[in-house]
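All remarks here apply to the structure that follows.
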Number of protein chains: 2
Amino acid sequence: MDKKITIYDLAKALGVSAGTVSRSLNNHRSISDKTKQRVIAKANELGYQTNKFAVNLSTQKSNTIGVIVPKLNSIFMSDVLAGIEKTVNEAGYNLIISQSLEMMEKEKLNAKTLYNSGVDALLVSLAYDTNDFDHFAYYIRHNIPLIFLDRVHNLPNCSTIIINNKQAGFEATEHLIEQGCKNLLCISGNLKRNVYSERLMGFKEALAKHQMKFKKSNCLETELDPNDVPKVINYIKNQKQAIDGLFVASDTFAAHCIKALKKEHFRIPEDIKIIGFNNDPISELVTPPLSTINYPGYEMGVLAGQSVISQLNGSLDLQPANSITLRHQLIIRESTHI
Amino acid sequence: MDKKITIYDLAKALGVSAGTVSRSLNNHRSISDKTKQRVIAKANELGYQTNKFAVNLSTQKSNTIGVIVPKLNSIFMSDVLAGIEKTVNEAGYNLIISQSLEMMEKEKLNAKTLYNSGVDALLVSLAYDTNDFDHFAYYIRHNIPLIFLDRVHNLPNCSTIIINNKQAGFEATEHLIEQGCKNLLCISGNLKRNVYSERLMGFKEALAKHQMKFKKSNCLETELDPNDVPKVINYIKNQKQAIDGLFVASDTFAAHCIKALKKEHFRIPEDIKIIGFNNDPISELVTPPLSTINYPGYEMGVLAGQSVISQLNGSLDLQPANSITLRHQLIIRESTHI
DNA sequence: TTGTAGGCGTTATCAC
DNA sequence: GTGATAACGCCTACAA
């Protein structure tokens, strides 16, 4: 019961050739139903399991899709991954997941490892500091589908899946303005990353539209890490003109800010209105509930999965840089609205 | 530049045999340094990439570890995964991750697929309704390391990595009692799962220790889903004797309960004290901050990774059902403490 | 220290 | 419809 049994064992047991067994198992036309039945019955009887190693070598495919994300333990990313996994699994693919830990060097390593592992496609959300893209050259050169999501870079023939961060930033900011805010602060993440820089662009555009001048002091770049909270609070307290509206690039960080501001006796939304980003579960559970932008991670994952599958099936023609933009949504709660 | 180059190409280019190339690349002793250098140089020059398919077939190993979790998009699980990924990646392994979506049937499918993919080991956290374990028989029979974490089942020769849920439940409950609660309610998850049933056992034990009788009405089984909140609130409001202490098996659900209870004008902690479980980020951000049990997901992942690696390296002797219990920790915040 | 050759388990291209 | 047989690319005794 322990030895692995191969198509040769089946062939011998049935008195046919290995080729016939292989074709039967793969439901090849040109094999009689009767033979197929016999083979399959025997396979079950002996507990035959196909050896993927051999299949892979023979077909040069792995039925495996690689994923590189900055961090596994983010609520948004795990939503994305859940969506990807569900979709590609239904299509018979497995997922090899690795994290760059926000370091380009690790990302390069991962890309190389995954390439060598023979993934049939690669999905990537970029690290903070990724500034060159040679590590993806293999993929492009060998026509392995390469899809960027959320934190993207435009490369020839690579799809990207994003939301319109600029527009979302614009809407969030305009909402604050419409609520009467006169002096806004954008608390951004690392501006080297497209998602944050685009939100800031939207922020600026909203100011411009409403004849409010953007000054450098209207934006504070942080790592969106809880450790940055004191810095933010100090910054707010030290402005000459009181800040009355906060656009924070992450809900969790916004929640931390709310907590700290309340401790400093700021009233929210009366003294200062706050809007976050992502619609994390936390946004509706803090006090006051946090206005935010819904950022559909799961749907993004599903779309990424569908996109990669259709590329692998060739059902999607290689359109030059096919880009998908998901719909976001402004969610108004009490942190911006009395 | 497009064609894949093999050790034969290198061999020809260097005027040596393929065997020599193979051994050089694998840094085999018994190959002169000089030859190694030459081979490696040529490999780099020609852009040689090892073909994992062939290596796998030849060695019958994949350098890949399978993971099955109930859901990818849970804050705890993504912490666990982050820990696993980091650890096994450093040891040169890749991770194939799949989710059972809390369904045994899917779990079986995943287990089979991963087996066929030739994973070198399998890490599993069980689905809610898993009640037979035949799908793991292959692994055991073929001596493929199988490790359960968090939601576990005891199988011969399989390690388990857990925290002491019973003890944690006990401590959480005793803390409520010590804060003066007289009529407790345990809001549990699905009691078919060890983690929840054990917490309940701890709950009962704490009651017993303090001469409080456990009645059926002291426990409410839920799915810990936000949709269950109204049911919980009604339950609480309809008890003859007012409930003054809540032990909730998940922080996020506890946060939802807090929000709903506040809306019903319960004062926390004055009228009702609440303790959660997990130490999710949300626990310190709700108002009032939530007492909880720290449940170290990342560390659990790291340990699981180390455990699997050492089993693969044979450095850990096959101890019969080696079980690791992580330390948990009671965290007291304002939801139980005036 | 290096070369030779068989094996890993399939798939695929020919024949028959 | 089915059977040979050659890939697929690497590893590894066994020889030399």
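A note on names: the letters A, B, ... follow the listed sequences, proteins ahead of strands, and every chain is numbered from 1.
- The phosphate of C:dT10 has neither OP1 nor OP2 within less than 4.0 Å of any side-chain N or O from A:Thr59.
- Side chains of A:Phe136 and A:Glu107 form a contact here, defined as non-hydrogen atoms less than 4.5 Å apart.
- Atom NZ in B:Lys12 sits about 16 Å away from atom C1' in C:dG3, given to the nearest Å.
- Rounded to a whole Å, the CG atom of B:Asn26 is 11 Å from the C1' atom of D:dT12.
- Taking only side-chain nitrogens and oxygens, A:Ser17 comes nearer than 4.0 Å to OP1 or OP2 of D:dG3.
- Residue A:Asn56 is out of contact with every strand shown, counting any heavy-atom pair closer than 4.0 Å.
- Looking at A:Ser159, its side chain never comes within 3.5 Å of a backbone N or O of A:Ser323 through a donor-acceptor pair.
- At the phosphate of D:dT5, neither OP1 nor OP2 sits under 4.0 Å from any side-chain N or O atom of A:Tyr8.
- Counting heavy-atom neighbours within 6.0 Å of A:Lys12 NZ, excluding the residue itself, gives a total of 12 or less.
- Note: CD (A:Gln60) to C1' (C:dA12) measures 13 Å, nearest angstrom.
- In the set C:dT2, C:dT10, D:dC8, C:dT10 carries the atom at the smallest distance from any side-chain atom of A:Ala54.
- Here the two rings, on B:Phe76 and B:Tyr295, have centers that are under 6.0 Å apart.
- Side-chain N/O atoms of A:Ser32 include none lying less than 4.0 angstrom from OP1 or OP2 on D:dG1.
- Residue A:Thr6 has its side chain nearest to C:dT10 when only C:dG3, C:dT10, D:dG3 are considered.
- If you check D:dG3, D:dC10, C:dG9 against the side chain of A:Val16, the one that comes closest is D:dG3.
- The closest side-chain heavy-atom distance from B:Val39 to B:Arg23 is not below 4.5 Å.
- Of the side-chain N and O atoms in A:Ser22, one or more sit less than 4.0 angstrom from OP1 or OP2 of C:dT11.
- Between B:Asn51 and D:dC8, a side-chain N or O to OP1/OP2 separation shorter than 4.0 Å is absent.
- Place A:Phe53 and B:Thr35 on DNA chain C by their nearest nucleotides, and B:Thr35 ends up nearer the 5' end.
- Comparing the axis of the opening five pairs of the helix from C:dT1-D:dA16 to C:dC16-D:dG1 with that of the closing five pairs yields an angle of 40°, rounded to 10°.
- At whole-Å resolution of the value, NZ in B:Lys52 and C1' in D:dC8 are 17 Å apart.
- Between B:Glu102 and B:Arg193 there is no salt bridge, since no side-chain nitrogen of the basic residue lies less than 4.0 Å from a carboxylate oxygen of the acidic one.
- Taking every side-chain heavy atom of A:Arg23 into account, D:dT2 is the closest of D:dT2, D:dC11, C:dG3.
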List, one per line, each side-chain donor-acceptor pair under 3.5 Å for residues 298-306 of chain A, sequence neighbours excluded.
none

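- In terms of polar N and O atoms assigned as donor or acceptor, the side chain of A:Ser58 comes within less than 3.5 Å of the base of C:dT10 in a complementary pairing.
- Note on A:Ser30: every side-chain N or O is 4.0 Å or more away from OP1 and OP2 of D:dT2.
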